[in-house]
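As the structure is a computational prediction, the values presented were derived from the model and not from experiment.
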Amino acid sequence: MREEKTFSSFLLLFFILISQTTATNYPINVWPKPTTFHWPNPKSIFLSPNFTISHPYHRYLTPAVDRYRHLILSEHHRPIITPAINLTSSIQLQSLIISVSDVTSPLAHGVNESYSLSTPSDSSASAYITAATVWGAMRGLETFSQLVYGNPIRVAAGVYIHDLPIFTHRGVMLDTSRNFYGVDHLSRLIKAMSMNKLNVFHWHITDSHSFPLVIPSEPKLAGKGAYSNEMMYSPADVQKIVEYGMKHGVRVLPEIDMPAHTGSWAEAYPEIVTCANMFWWPAGSSPALAAEPGTGQLNPLIPKTYEVVKNVIQDTIAMFPDSLFHGGADEINSDCWNTDLSVQKFVASNGTLSQLLEKFVNNTLPEILSLNRTVVYWEDVILSGNVKVNPSLLPPQNVIMQTWNNGPNNTKQLVTSGYRVIVSSADYYYLDCGHGSFVGNDSRYDQPPGTDQGNGGSWCGPFKTWETIYNYDITYGLTDEEAQLVIGGEVALWSEQADSTVMDSRIWPRASAMAETLWSGNRDETGMKRYAEATDRLNEWRYRMVSRGIGAEPIQPLWCLKNPGMCNTVHSFTS
């Protein structure tokens, strides 16, 4: 214990002295780049075949330690370019000693994920991780695993790291309604997120297309609304996914999108859904009933609606322990509601559709808050040009807004109104963009040769490259005070044209690009964007993710990584 305390005191003093040092192009790098990385004399030492990791026992840290020890001893990573560093053969690294200040802090929004890491450069036989919480210790374990390579196994020696994220919310949103993803695939997503120090799996579970979540008090919703009995998530499945997330330091944030995007509810309760199962774009000049095929919106005028919704809210929250609950509230379609006779009578009596949405919010928000949850809504609920609620109904202390439209302009509007914000700008963070339209019988694709194809039918095209994602500053145009309300960001994969067969390649390594910018930023210590030097690092990291079982797509020919600098737009070499 005295040794750990002495080391901690030394490390604190050391990091004060080098507080703003950042890694440039070391022979071994970590993704995402740590906020402070110091390696004054790059060299390596062998890892003992009897390597051990000592740590305080914890329900989730202990399996993480076991997992990383197995990875460290079995991965034998071979970098594309062999690191040009000397081997110090006089010692072997025998152990990694982890100390945690607070082993009781739960995995929750805002938890401290900081850690410090040191590997020896002299006769010491131990490396050290000190962390405020077990979740920070998990981040340190991931960093340590990336400093290990080769066969026989070597580890970077004389490395000093102090690390913590800029943003507390760093996530991936996946839609499992339009196409189904099995539990094993969701677990693999969480595994990859943990590798990239992402900490929130935003699970968009239900939509108009299917209702795959089994609600114990409302079994008909999945029984009739899921694609099949094999395409459902039981409470046991949810528990497995949540526990897997906890073991990897990843929270699971459930979204039940409503009152729009609820056509699948009509399979069980047609009486509470308007315009269900109608053709999405009626013939002639009639407006569309939904943003895409798959119509249906809950009717706020029907008492039965709230009976079902409250059961869904209660059972979902019982399955998901996270302090956040996502209530959707995006893309309310006026014409869908107007197909219903009760809505028509309401409007004829001087009611408005915005009042309908307010009625829904007033009947559901208190239920969610009573279950000790903070609510996340898509920004449409107050920013839509057609149907929206008065912001006074959504107190910022209880509500977080997620923005997806109009880039930094909508972010600015939301923080100016006092809301905490999650950024998922479709212009930068939508991973499904650029694959064209999924609707059939589309005359846009029957054009004479030479016709300008525009965005290829993709409403949010073009494809968002990793550099586009990496270079986006989610607090662009905000004052320092306003920027404090931006809690982080999420890349989003909507699944009209995605399922488990392409999940890995659609998400990775582009989500890795966001992961680094939200962890340590996208600029170097001089304030310059660092995407140029990030290219080789991301190439190498993608290669390592693939070796770990993640089907990340390549960002360049392998030749580029073997010939640093030769694939840049401006001729330069990295070292």
Would you say the ring centers of [X] and [Y] fall short of 6.0 Å from each other?
X      : Y      : answer
His58  : Trp135 : yes
Phe37  : Tyr26  : yes
Tyr233 : Phe180 : yes

We want to know whether [X] and [Y] form a side-chain donor-acceptor pair, criterion being a heavy-atom distance below 3.5 angstrom.
X      : Y      : result
Ser512 : Arg542 : no
His77  : Arg548 : no
Asp163 : Trp519 : yes
Asp257 : Trp378 : no
Trp203 : Asp175 : no
Tyr160 : Thr36  : no
Tyr60  : Glu243 : yes
Ser234 : Asp237 : yes
His204 : Thr176 : no
Ser177 : His209 : no

Contact between [X] and [Y] at the side-chain level, heavy atoms closer than 4.5 Å - yes or no?
X      : Y      : answer
Ile422 : Val200 : no
Glu379 : Leu414 : yes
Thr475 : Thr411 : no
Met193 : Trp508 : yes
Leu189 : Ile507 : yes
Ile85  : Ser44  : yes
Ile400 : Val421 : no
Asn410 : Leu383 : yes

Ion pair [X]/[Y], N-O distance below 4.0 Å:
X      : Y      : value
Glu525 : Arg530 : no
Asp473 : Arg523 : yes
Arg537 : Glu533 : yes
Arg139 : Glu113 : yes
Arg178 : Glu292 : yes
Glu142 : Lys197 : no

- Query: Which pair of heavy atoms, one from Glu540 and one from Ile80, lies closest together, and at what distance?
  - Reply: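 Nearest pair, atom of Glu540 first, then Ile80: OE1-N, 3.1 Å.
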Once you round to the nearest 0.5 Å, how far does [atom1] of [X] lie from [atom2] of [Y]?
X      : Y      : atom1 : atom2 : answer
Arg69  : Thr52  : CZ    : OG1   : 7.0 Å
Leu213 : Met232 : CG    : CE    : 10.5 Å
Leu47  : Asn151 : CG    : CG    : 11.5 Å
Phe201 : His248 : CZ    : NE2   : 13.5 Å
Trp494 : Asn179 : CH2   : CG    : 13.5 Å
Leu71  : Asp66  : CG    : CG    : 12.5 Å

- Message: Taking side chain to side chain donor-acceptor pair (under 3.5 Å) as the cut-off, I'd like each qualifying pair that reaches into residues 419-428, sequence neighbours left out, listed once.
- Response: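 Matches after skipping sequence neighbours: Gln402-Ser424.
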- Task: Show the numbers, then the answer: is there a side chain to side chain donor-acceptor pair (under 3.5 Å) between Tyr115 and Thr143?
- Result: CA-CA 10 Å; Tyr115 69 93; Thr143 294; 2.5 Å; yes
- Item | Contacts of Ser264 that satisfy side chain to side chain donor-acceptor pair (under 3.5 Å) - sequence neighbours left out |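 With neighbours one apart ignored, the set is empty.
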- Message: Using modelled atom types and a 3.5 Å cut-off, is there a donor and acceptor pairing between side-chain atoms of Asn199 and backbone atoms of Thr168?
- Response: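 Checked: pair present.
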- Message: Looking at Asp322 and Leu324, would you say the former's side chain and the latter's main chain have a donor-acceptor pair under 3.5 Å?
- Response: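 Yes; judged by distance alone, with no hydrogens or angles, the pair exists.
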- List the steps, then state whether side chain to side chain donor-acceptor pair (under 3.5 Å) holds for Ser437 with Arg444. CA-CA 9 Å; Ser437 172; Arg444 289 176 297 177; 3.2 Å; yes
- Query: Above 12 or not: heavy atoms from other molecules or residues under 6.0 Å from CD of Gln556?
  - Reply: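 Yes, CD of Gln556 has more than 12 neighbouring heavy atoms, counting only those of other groups under 6.0 Å.
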- Message: I need the single residue from Tyr429, Tyr531, Trp466, Tyr430 that forms a ring-ring contact (aromatic ring centres under 6.0 Å, His included) with Tyr472. Which is it?
- Response: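 Between Tyr472 and the candidates, ring-ring contact (aromatic ring centres under 6.0 Å, His included) is satisfied uniquely by Tyr429.
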- For Phe51, all residues meeting ring-ring contact (aromatic ring centres under 6.0 Å, His included), sequence neighbours excluded: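 Phe51: ring-ring contact (aromatic ring centres under 6.0 Å, His included) contacts with Phe144.
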